[in-house]
Amino acid sequence: MSTQSDYAGRVATVGTRCGTRTRRAALTAAVLATSLAVSLTAGCSRRGRDDDRAPQHMPAPAQPTTVSPASAPPVTAAGQPLAVKIDNAPAARPQTGLEAADVVYAEQVEGGLSRLMAVFATRLPAAVGPVRSARESDLELLRQFDRPALAFSGAQRSLLPLIGRAPLWAQSPDRAPAAYFRGAGRRAPHNLYLRPSRLLSAAPGRAALTTGFGYGPAPSFGGIPTASRTVHYPAARFTFTWSPARGRWLVAMDGTPAVTTGGTRVAAATVVVQYVRIHASRYHDALGNHTPYTETVGAGTAEVLRDGRSFAASWSRPAATGGTTFTAADGRRMNFAAGPVWVVLTPEQ
């Protein structure tokens, strides 16, 4: 493109002041148009990247609408649960809608921090978030479910083809812009929220929770009375404190009680500390930190907290297409208490 001084030299040959003004106006318009085009191109080039460094700005949706058959996920016998990748950085708290989740998975991400995967089947909250980006190991974890809907803010460009081929209904803001909105009072990327009713017309029901978990009475023997249990990641920690009055484990994250934006204290009926193998994946963030890959297929040990007691257990998931079963010390199925389950995927010891 010619510089402004070159252009000034050319307009000097024009005989009239009117012509000079006209050409200057044309140059100004051209510069503005070029700047706008560069800005838009840069914005488009960020789409598809991990939103941790390049947040996507989506327009706020209008009033909720009914999901049309053309946009809804394929119907199966069990129905599709909704899995939402939820931010767990301090700037993202308090979260929204977490109290309605049937299962919450806590997983380690870059820098030793934590992130949550909340699964909804029995009820859908009005809003969930903040929503964040997907990781490679999420795809293996979610194969326990029958083509779940996955809500996530984005992913690294090289990971997008894997997400596209996975047996799930991937719904990022690029795919379903009307389902997402930016909340007030927070800065991106900690302000992206989902309206579940824009993805699923109704909660699919408990049959969609094909996790392999068993529910029922606690083992008749064993178990250590436990008032509180803390699980550490390199740069994060979860604490679960038994509340006899509520019959629940009250959740705290990094030493702070977990309370939703609606004022509800987050609690679990059962907490599972599942020891798994975690290793570096082939992906990394913008700072060069390798993304951890959490293996959820295989077998290992676990600790199950329920009814104010801690039970030693083992877990098994022989194939990615099946759920995860837990076995008590006596060799029988380890039952969970009725209610929300938190599974903390912890590096094996």
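Y215 is connected to M334 through a chain of hydrophobic side-chain contacts under 4.5 Å among Ile, Leu, Val, Met, Phe, Trp and Tyr, so both are in one cluster. Under a hydrophobic clustering in which Ile, Leu, Val, Met, Phe, Trp and Tyr are joined whenever their side-chain heavy atoms come within less than 4.5 Å, directly or via other members, V109 and L139 fall into different clusters. The cluster map of Ile, Leu, Val, Met, Phe, Trp and Tyr, joined by side-chain heavy atoms under 4.5 Å apart, puts F240 and I224 in different clusters. A continuous path of ILVMFWY side-chain contacts below 4.5 Å connects F145 to I163, so both sit in one hydrophobic cluster. No continuous path of ILVMFWY side-chain contacts below 4.5 Å connects Y293 to L159, so the two sit in separate hydrophobic clusters.
A 4.5 Å side-chain heavy-atom check between I86 and L98 finds at least one atom pair inside the cut-off. Contact annotation: the side chain of P234 approaches that of Q108 to within less than 4.5 Å [non-hydrogen atoms, C-beta and beyond]. The shortest side-chain heavy-atom distance between Q80 and P204 does not fall under the 4.5 Å cut-off. Residues L124 and L200 have side chains in contact (heavy-atom distance under 4.5 Å, counting atoms from C-beta outward). The shortest side-chain heavy-atom distance between F326 and N335 does not fall under the 4.5 Å cut-off. A 4.5 Å side-chain heavy-atom check between I278 and Y233 finds every atom pair outside the cut-off. Side-chain atoms of V119 and D102, non-hydrogen and from C-beta on, never get closer than 4.5 Å to each other. Residues V104 and P340 are not in side-chain contact: their nearest non-hydrogen atoms beyond the backbone lie 4.5 Å or more apart.
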Margin query: Could you walk me through whether V266 and V259 satisfy the side chain to side chain contact (heavy atoms under 4.5 Å, CB included) test, starting with their C-alpha distance in whole Å, then the side-chain angles of each, then the deciding distance to 0.1 Å, before giving a yes or no?
Written below: CA-CA 6 Å; V266 179; V259 180; over 6 Å; no
Next item on the list: Could you please spell out the steps behind the side chain to side chain donor-acceptor pair (under 3.5 Å) verdict for E303 and S310?
Entry: CA-CA 7 Å; E303 180 182 352; S310 172; 2.7 Å; yes
Next item on the list: Evaluate the criterion side chain to side chain contact (heavy atoms under 4.5 Å, CB included) for residue pair F336 and V341; output intermediate values, then yes/no.
Entry: CA-CA 8 Å; F336 294 173; V341 177; 4.0 Å; yes
Next item on the list: Tell me, with the steps shown, if T230 and R237 meet side chain to side chain contact (heavy atoms under 4.5 Å, CB included).
Entry: CA-CA 7 Å; T230 298; R237 71 183 189 273; 4.2 Å; yes
Next item on the list: List the steps, then state whether side chain to side chain donor-acceptor pair (under 3.5 Å) holds for T210 with D146.
Entry: CA-CA 7 Å; T210 53; D146 190 4; over 6 Å; no
Notebook entry, point to check: Where do Q95 and T261 land on the side chain to side chain contact (heavy atoms under 4.5 Å, CB included) test, with the steps shown first?
Noted result: CA-CA 6 Å; Q95 289 104 340; T261 51; over 6 Å; no
Checklist line | side chain to side chain donor-acceptor pair (under 3.5 Å) evaluation trace for S314 with T301 | finding: CA-CA 4 Å; S314 59; T301 60; over 6 Å; no
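The distance from the OG1 atom of T256 to the CE atom of M253 is 9.0 Å, given to the nearest 0.5 Å. In this structure, OG1 in T270 is found 7.5 Å from CG in D307, a value given to the nearest 0.5 Å. One finds the CD atom of Q274 at 5.0 Å from the CH2 atom of W315 (value rounded to the nearest 0.5 Å). Remark: S197 OG to L82 CG distance equals 10.5 Å, nearest 0.5 Å. The line from CG of L305 to CH2 of W342 is 13.0 Å long, rounded to the nearest 0.5 Å. Here CG of N88 is found 13.5 Å from CE of M117. Values are rounded to the nearest 0.5 Å.
Side-chain atoms of T260 come within 3.5 Å of backbone N or O of T264 as a donor-acceptor pair. Of the possible donor and acceptor atoms, none in the side chain of T321 sits under 3.5 Å from a partner among the backbone N and O of A319. A donor-acceptor pair under 3.5 Å is formed between the side chain of D330 and the backbone N or O of R332. R206 contributes no side-chain N or O that, together with a main-chain N or O of L209, makes up a donor-acceptor pair within less than 3.5 Å. In this structure, E140 contributes its side chain and T296 its backbone to a donor-acceptor pair below 3.5 Å. With S228 contributing its side chain and T241 its backbone, the two residues share no donor-acceptor pair below 3.5 Å. W242 places no side-chain N or O within 3.5 Å of a backbone atom of R306 that could act as its donor or acceptor partner. Checking side-chain atoms of R123 against main-chain N and O of A203 turns up no donor-acceptor pair under 3.5 Å. Checking side-chain atoms of S114 against main-chain N and O of A236 turns up no donor-acceptor pair under 3.5 Å. No donor-acceptor pair closer than 3.5 Å links the side chain of R277 to the backbone N or O of E295.
Salt bridge E110/R135: present, at least one basic N to carboxylate O contact under 4.0 Å. Taking the charged nitrogens against the carboxylate oxygens, D87 and R93 have no contact shorter than 4.0 Å, which rules out a salt bridge.
Here the closest non-hydrogen pair linking P130 and H190 is CG-O, 3.4 Å. Summarising the geometry of W249 relative to A269, their closest heavy-atom pair is CD1-O, 3.6 Å, with the distance given to 0.1 Å. Across all non-hydrogen atoms, the minimal contact from A235 to L113 is O-CD2, 3.6 Å. Closest heavy-atom contact between A127 and T96: O-CG2, 3.5 Å. Taking every heavy atom of both residues into account, A208 and G79 meet most closely at CB-O, 3.5 Å. In plain terms, the two heavy atoms of P148 and P167 that are nearest each other are CD-O, 3.8 Å.
Relative to the six-membered ring of F181, R195 meets both conditions, a distance below 6.0 Å and an angle of at most 45° to the axis.
Among K85, Q156, R115, the single residue meeting the side-chain hydrogen bond (donor to acceptor under 3.5 Å, both in side chains) criterion with S133 is R115.
Neither side chain, E136 nor T291, offers a donor N or O lying under 3.5 Å from an acceptor on the other. Inspection of the Y180 and R175 side chains reveals no N or O donor paired with an N or O acceptor under 3.5 Å.
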